Enquirer: 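Dumping the structure here so I can ask a few things about it.
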Amino acid sequence: MALKERTGLGRQVFRVAATYVGTVVGAGFASGQETLRFFVAYGPAGLAGVILATMLFCVYGILIMDLGRRLQATSHREVLHFACGRTVGGIMDGLITLFLGVTLAIMTAGGGAVFAEQLGLPGLLGSTLTAGLAGLTILARMRGIIAANSVVVPLLTLAVGGLSAMAIKDTAPGAILREAAPWPDLATAPHWMLSALLYAAYNLILSISVLAPLGAEVKDRRAIYAGGLTGGLVLGLLAGSMGLALTLHMPEASGFEVPMLYLARLHPRPVQWFYTLILWAEIYTTAIACAYGFSARAAEVLQCDYRKAVLVISGAALLLSGLGFSTLMAHLYPAFGVPTLLLLLLLGLMGLSRRAA
């Protein structure tokens with residue numbers, strides 16, 4: 001009986017960690033662009049940024065899921081209202097829901113970009129496949145999201161970890177850091193600490209829509225703590241290994257839209273194809289997280305059938321994706337930088353104070 005319980009706990013921890021990682025990791029992460037601009041651009045200080053972001057992922061991931069468990073949350077709304085009150089929570093709810101819709105459109109466009117630029121196939125096919133599969137997956141709600149991430153995340157870890165390991169296998173990490181140079185033109189913020197905070201903030205805010213109801217699904221509280229810690233550490237290890245690998249190939253890697261595919265091109269073609277598949281899969285896992293969060297809130301606010309909301313929102317994301325991946329990313333993501341940081345600070349301060357009360 002004890003073995004069975006331990007096996008059950010281990011399975012829960014794996015599913016929580018995989019869902020957490022899959023929700024955070026998207027086109028920007030798997031491509032290497034986020035790691036390049038948020039960490040590598042700051043030279044050796046970028047490693048400190050990775051450590052800071054990892055700590056935030058561990059702490060806030062556990063906090064959000066535990067609040068979701070206590071409140072039996074069905075969306076991010078319950079957690080926001082509890083942590084920040086109805087007025088501030090309502091404003092946060094609106095901003096996060098808008099951010100989810102924007103990101104869903106960006107991920108749908110990203111799926112098209114992968115098909116067009118990496119596979120030589122029509123971009124519309126990639127966007128349609130991304131939006132369609134995301135919609136089908138979330139019809140099963142959290143069960144669909146957990147199942148998808150349980151398959152994709154181990155493959156992601158293998159691909160990113162393996163490719164990074166091959167790039168740095170003959171060089172000690174200390175030697176890489178000694179040779180690392182800052183690249184101010186690529187930096188997202190004037191200081192590495194602010195960059196790390198912004199990176200963790202917008203990724204965590206994006207993941208609330210999944211982490212809150214995920215916490216309500218977990219039966220054993222220990223799985224939330226172990227899964228949140230594991231997921232946060234995996235995110236940090238992947239970002240750190242990618243950062244070291246890309247540092248070795250600067251400035252060449254910075255000239256590519258997908259820096260990690262530049263590293264893949266240094267290896268046989270099957271490696272390139274496999275990483276391209278992983279890149280699309282991570283776009284897909286972020287798309288399902290955004291589609292679920294947006295559809296759940298739309299169904300609640302409009303008091304309409306959840307399945308109808310999924311259908312309409314998937315179609316709208318496909319239409320908006322026609323604006324293009326780079327256009328959407330360049331104009332819409334930066335607009336959410338400071339608001340997401342403020343939202344994260346409010347969530348942490350008010351959430352912790354109310355728990356202590």
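Given the structure is predicted, the values throughout are model-derived calculations rather than measurements. Residue numbers start at 1 and run along the sequence shown.
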Enquirer: Distance-only check: which donor-acceptor pairs under 3.5 Å involve side-chain atoms of residues 138-150, not counting sequence neighbours?
Expert:
unit_1 : atom_1 : unit_2 : atom_2 : d
Asn149 : ND2    : Ile145 : O      : 2.9
Ser150 : OG     : Ile146 : O      : 2.8

Enquirer: Taking all non-hydrogen atoms of both residues, which atom of Val152 and which atom of Ala281 are closest, and how far apart?
Expert: CG1-CB, 3.8 Å

Enquirer: To the nearest 0.5 angstrom, please state how far the CG atom of Asp185 sits from the CZ atom of Arg37.
Expert: 10.0 Å

Enquirer: Any side-chain heavy atom of Thr97 within less than 4.5 Å of one from Arg77?
Expert: no

Enquirer: Could you check whether any side-chain N or O of Ser127 sits under 3.5 Å from a backbone N or O of Gly111, counting only pairs where one atom can act as donor and the other as acceptor?
Expert: no

Enquirer: Are more than 12 heavy atoms from other residues, nucleotides or ligands located less than 6.0 Å from atom CZ of Arg15?
Expert: no

Enquirer: Just do the side-chain contact (heavy atoms from CB on, under 4.5 Å) check on Leu233 and Phe57 with the steps written out, would you?
Expert: CA-CA 8 Å; Leu233 290 175; Phe57 280 134; over 6 Å; no

Enquirer: Specify the closest pair of heavy atoms between Ala189 and Ser195, including all atoms of both residues, with the distance to one decimal.
Expert: CB-N, 3.9 Å

Enquirer: Should the pair Tyr199 and Phe38 be assigned to parallel (<30°), tilted (30 to 60°) or perpendicular (>60°) ring geometry?
Expert: tilted

Enquirer: Given the rule that I, L, V, M, F, W and Y join up when any side-chain heavy atoms are under 4.5 Å apart, are Leu71 and Ile208 in one cluster?
Expert: yes

Enquirer: Would you indicate whether the side-chain heavy atoms of Ile224 and Val16 approach each other to under 4.5 Å?
Expert: no

Enquirer: Tell me the closest heavy-atom pair linking Asn203 and Val24, and the distance in Å.
Expert: OD1-O, 3.4 Å

Enquirer: Going by heavy atoms in the side chains, are Arg297 and Ile96 under 4.5 Å from each other?
Expert: no

Enquirer: Does the side chain of Met250 come within less than 4.5 Å of Leu186's, by heavy atoms?
Expert: yes

Enquirer: Would you find a donor on one side and an acceptor on the other, under 3.5 Å apart, between the side chain of Ser241 and the backbone of Leu238?
Expert: yes

Enquirer: How far apart are the C-alpha atoms of Ser209 and Tyr292, what are their side-chain angles, what is the distance that settles it, and do they pass the side-chain contact (heavy atoms from CB on, under 4.5 Å) test?
Expert: CA-CA 8 Å; Ser209 62; Tyr292 174 74; 5.6 Å; no

Enquirer: Return the CZ to NE2 distance between Phe294 and His76, rounded to the nearest 0.5 Å.
Expert: 10.0 Å

Enquirer: Would a hydrophobic clustering, with Ile, Leu, Val, Met, Phe, Trp and Tyr connected at side-chain separations under 4.5 Å, put Leu80 with Leu95?
Expert: yes

Enquirer: Could you check His249 against Leu266 for side-chain contact (heavy atoms from CB on, under 4.5 Å), going step by step and ending with a plain yes or no?
Expert: CA-CA 11 Å; His249 293 275; Leu266 304 177; 3.5 Å; yes

Enquirer: Could you state the interatomic distance from CG (Leu197) to CG (Leu52), rounded to the nearest 0.5 Å?
Expert: 5.0 Å

Enquirer: Do Pro213 and Glu78 have side chains that approach each other closer than 4.5 Å (heavy atoms only, starting at C-beta)?
Expert: no

Enquirer: What distance separates Arg70 CZ from Arg221 CZ, expressed to the nearest 0.5 Å?
Expert: 7.5 Å

Enquirer: If every non-hydrogen atom of Pro259 is compared with every non-hydrogen atom of Leu36, which pair is closest and at what distance?
Expert: CG-CD2, 4.1 Å

Enquirer: Who are the side chain to side chain contact (heavy atoms under 4.5 Å, CB included) partners of Ser314, not counting sequence neighbours?
Expert: Val310

Enquirer: For Trp280, what residues pass the side chain to side chain contact (heavy atoms under 4.5 Å, CB included) criterion, not counting sequence neighbours?
Expert: Val114, Phe115, Leu129, Thr130, Leu133, Tyr284

Enquirer: As a quick check of understanding, evaluate side-chain contact (heavy atoms from CB on, under 4.5 Å) for Tyr262 and Leu246, giving each step before the final call.
Expert: CA-CA 9 Å; Tyr262 166 73; Leu246 290 172; over 6 Å; no

Enquirer: I need the minimum non-hydrogen distance between Ile313 and Ala298, along with the two atoms involved.
Expert: CD1-CB, 3.9 Å

Enquirer: So if you build clusters from Ile, Leu, Val, Met, Phe, Trp, Tyr with side-chain heavy-atom gaps below 4.5 Å, do Tyr275 and Leu158 land together?
Expert: no

Enquirer: With the 4.5 Å side-chain cut-off for hydrophobic clustering, are Tyr60 and Met193 part of the same group?
Expert: yes

Enquirer: Are Thr35 and Met260 close enough that some pair of their side-chain heavy atoms sits under 4.5 Å apart?
Expert: no

Enquirer: At what distance, to the nearest 0.5 angstrom, does CG of Leu63 lie from CG of Leu211?
Expert: 10.5 Å

Enquirer: Apply salt bridge (charged side-chain N to carboxylate O under 4.0 Å, His left out) to residues Arg222 and Asp220 and explain how you reach the verdict.
Expert: CA-CA 5 Å; Arg222 294 174 297 173; Asp220 194 327; 2.6 Å; yes

Enquirer: Establish whether Leu277 and Leu279 are linked, either directly or via other cluster members, by ILVMFWY side-chain heavy-atom contacts under 4.5 Å.
Expert: no

Enquirer: Taking the side chain as everything from C-beta on, heavy atoms only, tell me whether Leu237 gets closer than 4.5 Å to Thr54.
Expert: no

Enquirer: Quick one: closest heavy-atom pair of Ala17 and Gly231, and the distance?
Expert: CB-N, 3.9 Å

Enquirer: Quick one: pull up OG1 in Thr87 and NE2 in His81 and give me the separation to the nearest 0.5 Å.
Expert: 8.5 Å

